[in-house]
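Notes to accompany the following structure.
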Protein chains: 2
Amino acid sequence: MKRMPECLAHMDAGIARVSESLPDAPLQEIVLTRLLLLVGGHLLNELELNLKPFGLNDSDFRTLMMIYTSPSGSATPSELCEYAQQGATNMTRIANVLVKAGLVTRASSAEDRRKVVLSITTAGKRLVRKILPPLFPQVHAAFASLSASDKRTLDRLLRQVAVNIDLLTHPDPRP
Amino acid sequence: MKRMPECLAHMDAGIARVSESLPDAPLQEIVLTRLLLLVGGHLLNELELNLKPFGLNDSDFRTLMMIYTSPSGSATPSELCEYAQQGATNMTRIANVLVKAGLVTRASSAEDRRKVVLSITTAGKRLVRKILPPLFPQVHAAFASLSASDKRTLDRLLRQVAVNIDLLTHPDPRP
DNA sequence: CTTCGATACTTCACTGACGAACTATCCTCT
DNA sequence: AGAGGATAGTTCGTCAGTGAAGTATCGAAG
């Protein structure tokens with residue numbers, strides 16, 4: 001696998017060559033799209049590499065974190081789906097994983113018996129507090145070359161892009 | 001699935017709450033990481049939604065584009081792996097897909113008979129020129145709310161992050 | 001020339017994620 | 001009350017992607 005600078009140069013060259021056959025291609029935006037996909041993918045690889053020793057992948061971990069940070073320490077699968085960009089099918093699998101690992105408990109709700117309540121266990125909280133700290137240096141390093149103002153700008157721009165894509169996917173600005 | 005603004009707010013709140021149990025968490029960087037994963041994921045979903053009608057996913061398409069933009073109109077699987085962030089195993093599958101669809105041909109190299117040469121066909125070129133243009137408005141819309149200078153800044157920052165992650169993953173700045 | 005290590009690709013078995021179909025429960029309207 | 005529709009979760013079949021192991025070819029060293 002080539003190092004990043006060469007990889008980026010190759011990408012730039014390839015995209016630039018597209019405009020030979022399709023002159024009206026929005027080159028800048030295509031490059032940004034590819035960069036986002038590239039960075040997102042590498043970030044995910046790196047994160048999952050750190051989670052693998054604990055038998056979790058990013059979906060599992062994100063779900064665990066959402067239950068962990070929930071004020072009540074519990075949540076239902078459908079609530080989690082709402083915010084975790086995941087289908088109900090996969091949430092069932094994730095719940096199975098977390099329950100089997102003893103990190104959360106699964107109980108059916110009292111008020112609405114269709115619902116399932118996932119609650120974090122002591123072991124779950126302990127695992128979160130064990131996994132996170134070793135991640136901090138790496139997360140920090142990923143943005144180490146950015147100034148404080150760069151980071152604020154990146155934050156702002158990414159949120160804008162997130163909203164743009166959301167509008168693109170689900171049009172209807174009709175409440 | 002919730003709309004993006006609520007989703008972002010929920011994410012912010014969750015991450016903020018992490019610092020209650022782990023006060024030295026680099027909140028800003030964690031948010032940026034999550035934003036990148038989120039945007040990358042949504043961008044990928046949206047792109048693959050557009051490619052599905054043609055029986056391709058992003059890996060297939062990216063590979064096809066790399067062959068398309070190659071000056072010779074052909075490449076070997078190992079070359080493609082170098083730049084496409086993919087394992088050789090998956091490249092074999094991709095080549096199978098593209099060959100079966102008649103978009104590229106597979107031939108063994110004359111100079112080095114270990115190598116396989118994938119060459120784009122007329123149908124492959126035609127498909128690229130058919131798929132791309134309808135994508136342009138969407139790609140453009142994803143960044144529509146960003147000014148020209150915002151886009152340049154985003155490009156610059158993403159490249160920095162890409163390099164940082166690469167250094168993190170493959171240390172050794174020893175040539 | 002042969003042997004050995006490296007390279008190129010393929011095959012196989014497995015995991016993660018998704019859509020479609022199913023079951024159970026709840027809510028509303030009559 | 002009870003019929004119809006919406007919601008919550010699960011199950012099942014399928015596909016994309018990966019690591020480990022296998023085959024074929026190349027190149028260098030003896």
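Every chain is numbered from 1, with letters handed out A, B, ... down the list of sequences.
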Quiz item: How would you label the contact of B/D112 with the nucleic acid (heavy atoms, under 4.0 Å): base, sugar-phosphate, or nothing?
Solution: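 Counting heavy atoms under 4.0 Å across all strands, the contact made by B/D112 is with sugar-phosphate only.
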Self-check item: Qualifying residues under ring pair (Phe, Tyr, Trp, His ring centres under 6.0 Å), relative to B/H42, sequence neighbours excluded
Solution: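 Per chain and number, B/H42 pairs via ring pair (Phe, Tyr, Trp, His ring centres under 6.0 Å) with no residue.
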To the nearest Å, how far apart are [X] [atom1] and [N] [atom2]?
| X | N | atom1 | atom2 | result |
| --- | --- | --- | --- | --- |
| A/E111 | D/dT7 | CD | C1' | 15 Å |
| B/Q86 | D/dT18 | CD | P | 7 Å |
| B/E82 | C/dT7 | CD | C1' | 12 Å |
| A/N96 | D/dT10 | CG | C1' | 9 Å |
| A/L49 | D/dT18 | CG | C1' | 13 Å |
| A/I94 | D/dT10 | CD1 | C1' | 14 Å |
| A/E79 | D/dT7 | CD | P | 15 Å |
| A/N90 | C/dC18 | CG | P | 5 Å |

Self-check item: B/R113 side-chain proximity, nearest of D/dG9, D/dC26, C/dA17
Solution: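 Nucleotide nearest to B/R113's side chain: D/dC26.
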Quiz prompt | Proximal nucleotide (of D/dA8, C/dC9, D/dG17) relative to the B/R93 side chain | solution =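 Of the candidates, D/dG17 comes closest.
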Practice problem: Could you tell me whether a side-chain N or O of A/T63 sits under 3.5 Å from a main-chain N or O of A/S59, the two making a donor and an acceptor? | Solution: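 Yes, because the side chain of A/T63 sits within donor-acceptor range (under 3.5 Å) of the backbone of A/S59.
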Self-check item: First encountered from the 5' end of DNA chain C, between A/R114 and B/T89
Solution: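 The answer here is B/T89.
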Using only side-chain N and O atoms of [X], determine if any of them is under 4.0 Å from OP1 or OP2 of [N].
| X | N | result |
| --- | --- | --- |
| A/T92 | D/dT11 | no |
| A/R106 | D/dA8 | no |
| B/N45 | C/dC18 | no |
| B/S59 | D/dA16 | no |
| A/N57 | C/dA17 | yes |

Exercise. Dump the intermediate steps for side-chain contact (heavy atoms from CB on, under 4.5 Å) on A/D150 and B/T153, then the final yes or no.
Key: CA-CA 9 Å; A/D150 278 343; B/T153 304; 5.6 Å; no
Quiz item: Is it true that B/D12 and B/R34 make a salt bridge, defined as a side-chain N closer than 4.0 Å to a carboxylate O?
Solution: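 No, B/D12 and B/R34 are not salt-bridged.
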Quiz item: Is the closest basic N to carboxylate O distance between B/K151 and B/D155 below 4.0 Å?
Solution: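 Salt bridge: no.
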Quiz item: Taking for each residue the nucleotide of DNA chain D with the nearest heavy atom, is it A/K52 or A/V117 whose nucleotide lies nearer the 5' end?
Solution: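 Closest to the 5' end, via its nearest nucleotide, is A/V117.
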